[in-house]
Protein chains: 4
Amino acid sequence: MAPPPNNKVGRARVRESVRTAYREAILEAAERVISRDGFTGVKMADIAAEAGVAAGTVYNYFKNKEAVLESIKLRGFEQIHQQMLAARALEDPLERIRSQVRGVFEYVEGRGALFTIYMQHGGVHEWIQQRIHKKGRGANQEVFARFDQLTLATLEEAVARGQVREDIALEDLAEMLGGLIDALMFTWFRQGCPPNLSEKSDLLFDMFLHGAHAR
Amino acid sequence: MAPPPNNKVGRARVRESVRTAYREAILEAAERVISRDGFTGVKMADIAAEAGVAAGTVYNYFKNKEAVLESIKLRGFEQIHQQMLAARALEDPLERIRSQVRGVFEYVEGRGALFTIYMQHGGVHEWIQQRIHKKGRGANQEVFARFDQLTLATLEEAVARGQVREDIALEDLAEMLGGLIDALMFTWFRQGCPPNLSEKSDLLFDMFLHGAHAR
Amino acid sequence: MAPPPNNKVGRARVRESVRTAYREAILEAAERVISRDGFTGVKMADIAAEAGVAAGTVYNYFKNKEAVLESIKLRGFEQIHQQMLAARALEDPLERIRSQVRGVFEYVEGRGALFTIYMQHGGVHEWIQQRIHKKGRGANQEVFARFDQLTLATLEEAVARGQVREDIALEDLAEMLGGLIDALMFTWFRQGCPPNLSEKSDLLFDMFLHGAHAR
Amino acid sequence: MAPPPNNKVGRARVRESVRTAYREAILEAAERVISRDGFTGVKMADIAAEAGVAAGTVYNYFKNKEAVLESIKLRGFEQIHQQMLAARALEDPLERIRSQVRGVFEYVEGRGALFTIYMQHGGVHEWIQQRIHKKGRGANQEVFARFDQLTLATLEEAVARGQVREDIALEDLAEMLGGLIDALMFTWFRQGCPPNLSEKSDLLFDMFLHGAHAR
DNA sequence: TATGAATGAGATTTCATTCAT
DNA sequence: TATGAATGAAATCTCATTCAT
């Protein structure tokens, strides 16, 4: 057995890692509960039970219920963002986009719950309200901005290479692409999360590039 | 004072119209409340207050809270469906689609609340759960089926006329179209319901037909 | 039997009186609970039970626990003030003071609970904090100001008639008198509220006028 | 490094002094917290934080929350008592009283928190309840008894010397004096602890001896 | 039938105390 | 022995629903 860490630094490090583990366990549990019971009625008690901790413990890690949900959302966005960044290495911008789309779909397919939150909570109404009332909480805004930037930059490169139409504003293109992604996820969700979301990514990409018109 | 209507039929008719008026007032009020405060926290008391009736009165017209929300949703879908049917007269299927899209957008633009509900309540998770657990309530299912049918029929006609690619399954096309519509609404909603949704419909239609690829 | 009030005004009046009755019943109950169990641990559930209403009902009349306690305090101050005003008719200012003192003592003797609150809650610390932090809630401040005025005016008259020393500032005299009253109540309270408080009022008055010095 | 004390006695002494230091630090911290946040809502966590120790540590020195508060109160009373004893040397009983009053005021002026506790906790209601229910805890009773004795003895001496009225019972005189002291403190507290309490002691003494009556 | 207050089950949150390290 | 997080009982508060008028 290794000697127990007797110094303060060691103990602090251990404590920190335990804290992180608890935090994560609670968030994971919350996602599972939401996946199972829906978002509208999540109960703190259920989250605690699912995480295997006492009700009060959740409050050692999160100020209140809202903070838990907010954290889930941010963590999800963060993870999607990482997923998208994984495509950076690809040289061809179109291929990069295709890969990003696939990455997002793969991530979402594994975590339907996140999407529920994305759409039902801050993801949609509350978040909108924030925008409207200008109280925009930094973290959210920033994440969305990063999404937008990533897409815009890639599209710009594609236009520069003559791969993509110039007669539509970059912003509109980005919106259509983002919208298509949302759309597919949305429809997939509406259909009860069948296990085929990521297969749709090539179809989406084809439609994005060529449209439905007969050749 | 005017003499009261003495025949039973007349009295029944008056009563019925009063009932309908109350019902509608409550539904309208509920939509306003949801638009304003978000869906997650709608309170029966708020709905009643907004409608200008007592809390108890709502229960004379709806079994419970769920019934109110369900009614809003159905009424909204119904109205969108009517909007789409208005395009039936157009001879060219592509024009019909363009018109339908515009119609839906115009309707949604005027009633963001509906969309909130569409996505946040039955429209999304709960409704999905129902599908999964096979409790599918008839009304919902039927409405969605009618949407699908309408779109499928129109697309089929367009394919038959050689206006649309044949290499993609009709169902996938319909899904992409429906998805694009959802997508635009979704993005529009995410941006705080700016007053330009219906303008986007031509852009959407163009993208649907021709895609983003450079010519 | 009188005909039931069928008009809106009548019904509103009835309702109003019922509301007032409930409010009073809750406040009375709260005082009883505090007398019995002490102030520190008052529980909303106990108050509701003592008042014979459901827990939730209390919240139809008071925003929260703090509001209940605040109301008790204000009501008590108000009632003491009324008690003091009853002495206005007396012509001799010294007799008026004697009567006021007796009145206050009689009131307090019947309601030990009020005094607890007066000293333990807003009456003492919280209220002080308010003064210090300048957030003085109007109602409290005003009540105390009225007490002070009443006493000052009476003392001024007594000085004018040559009944009271001129070599001590009016404010100091008022403070000593008020302090003596507080003091006796305080001591009485400390001794477990024995049933002799109001008898002390003449003693107090004598001491206030002549002091302890041997003649 | 200095050699560690190797004898048992020395080590025990060091340990004892460390324990005392912790105990005192916790009590001081608790007084500060109460002064700042009021008595009603003191939290063990706040006390610990203010003392710079962990929450659990407090329980190594005090059985529970009640024990902490009780200790503060006793310590305060004890210190006031010491203050009063300092006047014993004075030969003239009236001067002794004047000095005692000043001593008490000086002490209280420096530690408003004690007074809060004196009035809000055991000092007032709870403590009364104990008296009433005959559970009287020895320590409290004894402290108050000592106060009373001290005052009674001094007044008795003053009466014997013909300095104080004989027509009022010693007990009543003591009560009036004690009451006046309480009164001034009370008023001072009610006014937000202005920095002039000890100046009032001569005024109080004058009033106690001569009263408010015009000469 | 409209009213609006009462109800009380149930949710969130707090915090004194315990306990493993 | 100090630490500081876990615990969970208990308190506060909310709000859908009921019900007497």
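Reminder, nothing fancy here: chain letters follow the sequence lines and each chain counts from 1. Everything numeric in this text was worked out from a predicted model, so none of it was measured. Side-chain atoms are counted along with the backbone in the values below, which use heavy atoms only and exclude waters and symmetry mates.
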| message | Evaluate E66(C) against L69(C) for side chain to side chain contact (heavy atoms under 4.5 Å, CB included), listing each step before the verdict. | response | CA-CA 5 Å; E66(C) 196 192 344; L69(C) 303 176; 5.9 Å; no

| message | Assess the residue pair Y59(D) and M44(D) against the criterion (side chain to side chain contact (heavy atoms under 4.5 Å, CB included)); give the C-alpha distance rounded to whole Å, side-chain angles, the decisive distance to 0.1 Å, and a yes or no. | response | CA-CA 10 Å; Y59(D) 287 84; M44(D) 288 300 259; 3.5 Å; yes

| request: Start with the C-alpha distance between R36(A) and V33(A), add both sets of side-chain angles, then the distance that settles side chain to side chain contact (heavy atoms under 4.5 Å, CB included), and finish with yes or no. | output: CA-CA 5 Å; R36(A) 192 204 314 129; V33(A) 170; 4.1 Å; yes

| task | Take V68(A) and V42(A) through the side chain to side chain contact (heavy atoms under 4.5 Å, CB included) test and state the conclusion after the steps. | result | CA-CA 11 Å; V68(A) 176; V42(A) 224; over 6 Å; no

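Rounded to an integer number of Å, the gap from CD1 of I47(A) to C1' of dG10(E) is 16 Å. To the nearest angstrom, C1' of dT21(F) lies 16 Å from CZ of R19(C). In this structure, D46(B) atom CG and dT14(F) atom C1' are separated by 12 Å, rounded to whole Å. If you measure from atom OH of Y61(D) to atom P of dA16(E), you get 20 Å, rounded to the nearest angstrom.
For the pair I47(B)/K65(B), no side-chain contact is recorded, criterion being any heavy-atom separation below 4.5 Å from C-beta on. Two residues are said to be in side-chain contact when any heavy atoms from C-beta on lie closer than 4.5 Å; R23(B) and L27(B) meet this criterion.
If you check every strand for non-hydrogen atoms under 4.0 Å, V18(A) touches nothing. As judged by a 4.0 angstrom heavy-atom cut-off over every strand, F62(A) is placed among residues making no nucleic acid contact.
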Taking N or O atoms only and anything under 3.5 Å, show me the protein contacts with nucleotides 15-17 of chain F, one pair per line.
from    : atom 1 : to     : atom 2 : distance (Å)
dC15(F) : OP2    : K43(B) : NZ     : 3.4
dA16(F) : OP1    : K65(B) : NZ     : 2.9
dA16(F) : OP2    : M44(B) : N      : 2.8
dT17(F) : OP2    : Y59(B) : OH     : 2.9
dT17(F) : OP2    : K65(B) : N      : 3.1

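For the pair E28(D) and R75(D), the salt-bridge criterion is met [side-chain N within less than 4.0 Å of a carboxylate O]. By the 4.0 Å N-to-carboxylate-O rule, E16(C) lies too far from R13(C) to be salt-bridged with it.
Taking the C1' atoms of five terminal pairs at each end of the helix from dA2(E)-dT21(F) to dT21(E)-dA2(F), the two resulting helix axes are inclined by 0°, rounded to 10°.
Residue pairs meeting the ring pair (Phe, Tyr, Trp, His ring centres under 6.0 Å) criterion with at least one member in residues 15-36 of chain D, sequence neighbours excluded: Y22(D)-Y61(D).
Closest contact between the side chain of Y22(C) and the listed nucleotides dA6(E), dA5(E), dA2(F) involves dA6(E). Comparing dG4(E), dG8(F), dG4(F) by their closest approach to the side chain of A54(A) singles out dG8(F).
Taking side-chain N and O atoms only, R15(C) has no distance below 4.0 Å to OP1 or OP2 of dT3(E).
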